[in-house]
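What follows is a set of notes on a single structure, which appears directly below.
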Amino acid sequence: MKFYITTPIYYVNSEPHIGSAYTTIVADIIARYKRFMGYDVFFLTGTDEHGQKVLQAAQQAGKDPQEFCDELAEKFKRLWKELKITNDYFIRTTDEMHMKTVQEFVAKMKENGDVYKGIYKGWYCVPCETFWNEDEVIKEGEERFCPECKRPVKWVEEENYFFRLSKYRDSLLKYYEEHPDFVEPDFRRNEMLKILEGGLKDLSITRTTFKWGVPMKDDPEHVIYVWVDALINYISAIGYGWNDEMFNKWWPADLHLIGKEINRFHSIIWPAMLMSVGLPLPKKVFAHGWLTVNGQKISKSLGNAIDPRFFVKRYGNDVVRYYLIRDIMFGKDGDFSEERLVHRLNSDLANDYGNLLHRITAMIKKYFNGRLPSPSAQEGFDSWLKERFFETKDAYHELMDSYRLTEALDKIWEFIADVNKYFNDTKPWILGKEGNMERLGTVLYNSLEAVFKVALMTLPVMPDTSEEVFRRVSFEEKPSKEHLENWGVLKPGSTVIHGEPLFKKIDAKDFKKVVETVSAEQNAITIDDFSKVDLRIAKVLEAEKVPNSRKLLRLIIDLGTEKRQIVAGIAEHYRPEELVGKLIVVVANLKPAKLMGIESQGMLLAAKSGDTLRLLTVDGEITPGAKVS
Ligand SMILES: Nc1ncnc2c1ncn2[C@@H]1O[C@H](COP(=O)(O)OP(=O)(O)OP(=O)(O)O)[C@@H](O)[C@H]1O
Ligand SMILES: [Zn+2]
C-alpha cells in the first residue's frame, strides 16, 4: 500500500513563515499517520524558483537569481529540519531533471495538438503569477487590482503559446461528477464546479519578456509560464520521464495538500494538463483555509508574517503543531493567536494530558516501586474505559482517513477526559491507603494503558511527546496500528519512569507574547492622522530636578512665540545642566497634565532601547518654534 502526498512548492521570494509552515506541518502529520498505518509513504515538498516574482525579489536584493534561490531554498530546507518535517524529497524547480521534464511535458502537450501560438492581451498579477481578464480584475478609476490578492495588476501584451484549456471543460466536469470527492472540502469543490460551469478560456503558458524560467524546447525565446513549470514538480520529482518504475509506483498522487488560493491551478489547470498528456489525475486535492491575523491572511507581503521558530523556541515544536491543528478547524480560516496557544498548552496539554500521566506514574512509583502492576479481575468501570477507547479508536481512524484532523484531536481529548474521570472516580489514592493492591494495580494498569493509547494516537501530531511517553512506559517496539488494535499492550513488570511533567505550564503573570502579530495594514495611519500631532522645535532655557522624584526633570522651554514648562521622565539619563541650550522636539498640542503636582504643558520626544534613552534633536541650528513634519 502506497501513499504519495505533496505540499505546494513555495515561492522563494522571501523567507518561510508560519503560513507556509502550516501546510507543511499538516502534510507531515498525514504522512506520519499513514506510515503508522503501514503505508509506504512518499512525502514531497520543495521550492518554486522561476518566474517574475522571484526574479524581482532577486533583483531587489541585488543578487543573481540562481544564487538568490540557492540561499532561500536552503532556508526552507533548514526550517523543515528544525520543525522535524519528515519529507522524503525536496524538489527545486531549478533542478536540471525537473527543467528537462517540464520541457518534455510541454512538448508532448504540443504534439497532442493542445498548444498553439497567439497574442495575449490582458492583466497579470506578479505576486500571484496569474493572468486575469478585464472582467475579472477589480476596477478603481484607472487602476486595476488582482481579484485574488487585491494588489495592482500589470497590462501584458505579447506573443505567447496557449494551452487549449477550454477543450477540457467537459471532461473535467465529467470527472468531477464521477469522483465526487476529488476536491475537498465540498465548499471548495463547489467553487471549482462554478468556474467549470461558467466555461474555460485557453491559457497563456509562455512569456517572452524575461528569461528566468524553463525555455520551450523548440522555441527557446519563450519561457514556460511559472505555474505550468511548478505543477509539473509533482511528477518530475518521482521519476516522470527519467525513472518509469519509480513513477509508476507513486503516481497518481493520493493527496495534493494546498492553500485555498491556489485551488484553481490544482483542481482545473493541472488535471487538464494531465489529461492532455494522457496521465491519470491525482486522487484528491484538499484546499485548506488560511491562518489569519485579525481576519487577514498571514503573508510575506502584508508584513504580518511570523517566523515559526519564535514559537517553537518558546513553547516547543509539539505544542505549536498541536495548537495549529486543534485550535484552527482544519479546512477553514482561523486567527492565529498566541493567547489561544498558551491556553491550549495550559489546559489541554499540561492539565488534561501531562498531569494525568504524572499522577499515574507517581502512584506506580510509590506503591509498586516503579514497576507496572498486573491487572486482575475487571469491574464495570474498567470495561467502560475499554469500550470508550475502542469507540475513540474507530472514530480516530475514520476522521484521520478523511483528513478531519481537528475533529480527530477533539475525540482524543474526549477520551482523555474519560481517563481522568476513571482515575478520579476509582480513587486509587484511597485504594493505596487501604492496602487494596490488587484493585489499585488494575486501576493503574488500565490508566497507563489508556495514556499509552493516547500517545499512539497523537504520535503524528506530537511525535516527540509520544516518544517520551513510550520511553517512560518502556515501550520499545516500532509503534504501529497493531498496538492500537488491542487493549493490554503494556507489559506488567516493566519499568515505569516518573519524570518531569510532559508539559510546562505558562503562568499568566509570566506570559509575554513572543511576537506582536498586528498586521502592518491594521497599524497604518493616514497623513491626516499624523498631522494632528503638532510637533515643534524648542530650546531648553532652564532645567532642574523635581524634588523627591528620581525620574523627573522640570524644564522651561522656548517655543518661539511663548515659554512653557514641561516635566519629563529623563532624570536618570540626563543631568539638568547638560540640557540647557539644547534644541529638542516636543508635542506642542498635548493636553496639559500634572506630574508630581507640577503642570506639564507638552511632551518631549526621546528614543528608548533597553536601558538607553536619548533625546530627539535637530541636525544644526533652527529657530525655536519651527514645525516638524
Ligand atoms: N496564511 C496562510 N495560511 C495558511 N497557509 C498559508 C498561508 N500563507 C501561505 N500558506 C501556504 O503557502 C502557500 C502559498 O505560498 P506562498 O509562497 O505564495 O506564500 P505567501 O506568504 O502567501 O506569499 P506572498 O505574500 O509573497 O504572496 C499556500 O497555498 C499555503 O499552502
Ligand atoms: Zn494577486
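Predicted model only: the values in this text are computed from it and were never measured. First listed ligand is number 1; within each ligand, the first listed atom is number 1.
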Relative to the heavy atoms of [X], which atoms of ligand 1 are at a distance of less than 4.0 Å?
| X | answer |
| --- | --- |
| H17 | 8 (N), 9 (C), 20 (P), 21 (O) |
| H288 | 4 (C), 5 (N), 31 (O) |
| K297 | 1 (N), 7 (C), 8 (N), 20 (P), 22 (O) |
| P8 | 31 (O) |
| I262 | 29 (O) |
| T23 | 5 (N), 11 (C), 30 (C), 31 (O) |

If you define the side chain from C-beta out and look only at heavy atoms, does anything of [X] sit under 4.5 Å from [Y]?
| X | Y | result |
| --- | --- | --- |
| F336 | L324 | yes |
| K211 | E221 | yes |
| E338 | F310 | no |

Using a 3.5 Å cut-off on N or O atoms only, is [X] in polar contact with ligand 1?
| X | value |
| --- | --- |
| Y22 | no |
| W290 | no |
| G259 | yes |
| P127 | no |
| L291 | yes |

Have a look at ligand 1 and work out which part of [X], if any, has a heavy atom under 4.0 Å from it: side chain, backbone, both or neither.
| X | result |
| --- | --- |
| N13 | side chain |
| I298 | both |
| S299 | both |

Within the structure, is a non-hydrogen atom of [X] found at a distance of less than 4.0 Å from ligand 1?
| X | answer |
| --- | --- |
| K260 | no |
| G289 | yes |
| R151 | yes |

Compute the angle centred on the Zn ion (ligand 2) spanning SG of C146 and SG of C125, and express it rounded to 10 degrees.
->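 About 110°, to the nearest ten degrees.
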How are the rings of [X] and [Y] set to each other: parallel, tilted or perpendicular (split at 30° and 60°)?
| X | Y | result |
| --- | --- | --- |
| H222 | Y161 | perpendicular |
| H288 | F330 | tilted |
| H397 | Y33 | tilted |
| Y403 | F286 | perpendicular |

Taking everything shown except K217 itself, do over 12 heavy atoms lie less than 6.0 Å from its NZ?
-> no
Any donor-acceptor N or O pair under 3.5 Å, side chains N160, Y225 | no
Heavy-atom distance to atom 7 (C) of ligand 1: which of G334, A27, G19, P16 wins?
-> G19
Please say which of W251, Y4, F3 ends up in a ring pair (Phe, Tyr, Trp, His ring centres under 6.0 Å) with F42.
->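 It is Y4; the other options fail the test.
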Determine the sole option in Y353, W413, F311 for which the ring pair (Phe, Tyr, Trp, His ring centres under 6.0 Å) test with Y322 is passed.
-> W413
Among E158, E129, E157, find the one that has a salt bridge (charged side-chain N to carboxylate O under 4.0 Å, His left out) with R207.
->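 Of the listed options, the one satisfying the test is E158.
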